[in-house]
2 protein chains.
Amino acid sequence: MATIRDVAARANVSVATVSHVMNGSRRVNDETRQRVLDAIHHLKYRRHGIARSLRRSKSGAIGVIISDITNPFFADLVRGIETAIQEIDPESHIILSNTDEDAAKELQVIDVLMEKRVDGLILAPAGGNEGFLSDLVSRAFPMVFVDRALPQVDADSVVVDNTVGARRIVEHLIALGHRRIAAMRATLHATSIDARISGYQTALREAGIKPDPRLVIESASEIGAAYAAGQRVLALDPIPEAVFCSNNFTTLGLIRAIHAAGLRCPDDIAVVGFDDFPWADSFHPQLTAVSQPAFAMGEDAIRLLFDRINERRTGKSVQLTLSTDLVVRESCGALIKRGAPTP
Amino acid sequence: MATIRDVAARANVSVATVSHVMNGSRRVNDETRQRVLDAIHHLKYRRHGIARSLRRSKSGAIGVIISDITNPFFADLVRGIETAIQEIDPESHIILSNTDEDAAKELQVIDVLMEKRVDGLILAPAGGNEGFLSDLVSRAFPMVFVDRALPQVDADSVVVDNTVGARRIVEHLIALGHRRIAAMRATLHATSIDARISGYQTALREAGIKPDPRLVIESASEIGAAYAAGQRVLALDPIPEAVFCSNNFTTLGLIRAIHAAGLRCPDDIAVVGFDDFPWADSFHPQLTAVSQPAFAMGEDAIRLLFDRINERRTGKSVQLTLSTDLVVRESCGALIKRGAPTP
DNA sequence: TTGTATGCGTTATCAC
DNA sequence: GTGATAACGCATACAA
């Protein structure tokens with residue numbers, strides 16, 4: 001592989017000149033520049049990104065730590081990050097790591113990324129590493145939380161208004177006449193799930209319905225567990241008229257349980273979910289859901305991050321809260337019972 | 001940030017010694033080692049991955065180029081790659097790029113990755129860059145194709161037996177009594193789709209059914225287009241008894257079209273798809289599909305790649321063909337018409 | 001068992 | 001408008 005010296009030699013110039021034509025960092029005589037360009041072309045020269053990183057003390061790598069890329073929400077988020085990087089600084093790239101919500105794994109992954117000298121970190125924190133993370137931000141390391149924030153850690157964050165989103169969709173359920181509304185609570189050490197459940201409870205209370213803790217069923221965030229939890233929901237006596245699922249997994253598990261039990265949705269039981277996904281309208285009935293702007297969250301997160309990296313912004317952290325959309329389809333019963341009203 | 005010199009100074013040893021204790025690359029007196037370890041600990045020293053890469057001329061980066069991480073197949077594949085990397089060489093990491101099946105984007109992305117000096121490439125080729133890629137492998141650059149191979153490019157590859165997979169599932173349809181079987185052909189410049197359609201035709205022929213080109217409907221690999229294509233399938237006269245969908249998108253589009261038309265599956269029309277996904281059994285009816293070992297493909301691909309990188313294997317390329325699984329659920333009509341026979 | 005010194009390929013400072 | 005050269009932080013060949 002040709003180096004900058006090879007190019008310099010062939011073009012009869014110094015390495016400095018080659019470097020400057022590559023980077024446009026100072027005026028170069030047109031004829032000289034052309035000689036350099038020719039040499040570059042002939043030698044198929046590509047600059048050595050690693051050497052460059054070392055010299056400029058900027059790796060061009062952004063660490064992105066999520067729980068699972070297999071989750072469509074995170075896949076969209078990552079595409080958003082990638083797209084925005086392309087616009088803002090195409091020389092940068094993502095290093096992606098999955099933690100599966102495991103705090104220990106998260107810690108280890110961050111360690112590796114620090115050794116790789118990532119310029120910054122976008123993190124959907126699993127929770128449990130607050131101390132370490134606080135230390136990081138206090139040393140001014142560029143970091144932004146996404147999807148969930150950690151109250152104890154004062155970093156930038158991009159989240160969604162979980163409370164309002166959950167509240168709206170449960171209000172919708174209530175407007176349709178449902179009263180006995182259960183909830184599936186995904187067990188994650190994340191503030192987001194708590195907020196969703198709390199939005200659910202608020203909606204009930206405002207409608208004069210007393211939240212019944214027995215109607216809140218816990219479920220691990222994994223498809224098998226969610227199926228089992230779904231069966232527990234159906235075993236409630238009497239069976240709920242509607243169910244609010246606090247994330248992807250619980251929705252899928254419940255729907256499967258409903259079909260397995262030979263029940264019909266929304267006739268026998270209505271279902272709504274937090275977090276929409278591309279397949280939602282291939283479902284039968286099509287799923288009514290709270291849709292999160294995952295792609296936009298990724299874009300915003302990376303923008304905040306670059307602002308930190310380039311020190312366009314220092315000091316006080318900023319919290320971005322995007323709003324969700326209520327996507328009314330069929331599983332809530334809306335279309336069937338009375339058309340598609342908006343709450 | 002502390003450097004190796006800081007550590008050396010604090011421990012009263014040379015940088016060489018520090019380097020050797022970090023890497024375990026030569027014997028060091030126990031007491032000396034302890035001093036070094038203490039210094040490392042006190043200074044919170046982390047070695048500089050970039051400098052290390054430069055010196056060892058090994059970036060520890062693996063380029064992974066796929067069409068879209070949002071596709072569950074690729075998400076699984078990437079998790080497989082990541083998991084195997086963790087085992088084989090935890091110092092390495094993935095740089096992920098999406099091409100959206102765009103050859104120009106693919107070329108550009110590869111260029112960027114080459115500048116970053118990735119140690120190797122795992123690529124689901126979009127097609128169209130055969131010349132460039134051939135050049136790369138001829139210069140012994142480690143590369144392995146995944147999901148699809150390029151006949152003109154002699155690189156290692158990990159694919160699935162598309163023909164057999166498609167054939168089996170269509171045979172299953174035939175065994176259930178379906179005769180008029182349509183197919184949805186995703187338009188991709190990929191050998192995999194061709195192979196699937198050809199498997200479909202073979203199954204028909206072997207059953208004495210003459211493949212009818214009018215029953216093969218084209219669809220772009222995008223959900224909206226697939227929905228429209230699905231409607232075209234339903235508009236065939238007479239309506240097919242069953243449909244074989246050649247990938248994820250076409251399956252989803254068709255199912256949606258069926259529901260929208262008020263038809264019932266499998267009673268009015270049976271559906272099977274190539275490429276299973278985690279949500280398939282939350283569908284109603286649950287989807288019968290050919291399941292690909294995406295995770296394992298990722299593992300195998302990275303293994304092949306590391307063999308190249310470490311020159312454990314040179315020269316002749318190897319082709320790995322994994323087999324698929326037929327997952328019989330409900331959409332084919334099997335359970336409903338006669339229990340769940342295996343073909 | 002340990003240390004010295006060179007170079008990996010750049011960028012950037014300083015000099016001309 | 002151009003060039004010489006000193007870092008960037010590490011691994012390692014060679015010495016001791």
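Heavy atoms only: backbone and side chains are in, while hydrogens, waters and symmetry mates are out. Letters go in sequence order (proteins before strands), and every chain restarts at 1.
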Only one of Thr314(A), Asp119(A), Asp156(A) passes side chain to side chain donor-acceptor pair (under 3.5 Å) with Arg308(A); say which it is.
-> Asp156(A)
Has Ser14(A) got a side-chain N or O lying under 4.0 Å from the OP1 or OP2 atom of dG3(D)?
-> yes
Atom-pair distance (NZ on Lys58(B); P on dG9(C)), nearest Å | 17 Å
Select base, sugar-phosphate, or nothing to describe what Asn12(A) touches, counting heavy atoms under 4.0 Å on all strands.
-> sugar-phosphate
To the nearest Å, how far apart are Arg5(B) CZ and dG3(C) C1'?
-> 13 Å
How close or far is atom P of dT10(C) from atom CD1 of Ile50(B), stated in whole angstroms?
-> 15 Å
Walking DNA chain C from its 5' end, the first of Val28(B) and Thr3(A) to be reached, judged by nearest nucleotide, is Val28(B)
Where the side chain of Arg313(A) meets the backbone of Leu304(A), is there a donor-acceptor pair that is under 3.5 Å apart?
-> yes
From the list dT2(D), dT10(C), dC10(D), which nucleotide is the closest neighbour of the side chain of Thr32(A)?
-> dT2(D)
Asp6(B) CG to dG9(D) C1', in whole Å, measures 11 Å
Side-chain donor or acceptor of Arg148(B) paired with backbone N/O of Pro125(B) under 3.5 Å | yes
Would you mind reporting whether Leu133(A) and Ile110(A) have side-chain heavy atoms less than 4.5 Å apart?
-> yes
Would you mind reporting whether Asp300(A) and Leu322(A) have side-chain heavy atoms less than 4.5 Å apart?
-> yes
Within this structure, what is the NE2-to-C1' distance between His48(B) and dG9(C), rounded to whole angstrom?
-> 14 Å
Just by distance, do the side chain of Glu299(A) and the backbone of Gly80(A) share a donor-acceptor pair under 3.5 Å?
-> no
Select one nucleotide: of dT10(C), dC8(C), dT2(C), the one nearest the side-chain heavy atoms of Leu54(B).
-> dC8(C)
Reading nucleotides 11-16 of chain D from 5' to 3' and marking B where a protein heavy atom lies under 4.0 Å of the base, S where only the sugar-phosphate is that close, and - otherwise, the string is BB----
Could you tell me the separation between the CZ atom of Arg46(B) and the C1' atom of dC10(D), rounded to a whole number of Å?
-> 17 Å
Can you tell me the distance, in whole Å, between the CE atom of Met1(A) and the C1' atom of dT10(C)?
-> 15 Å
Exam field: side chain Asn98(A) to backbone Asp100(A), donor-acceptor pair closer than 3.5 Å = no
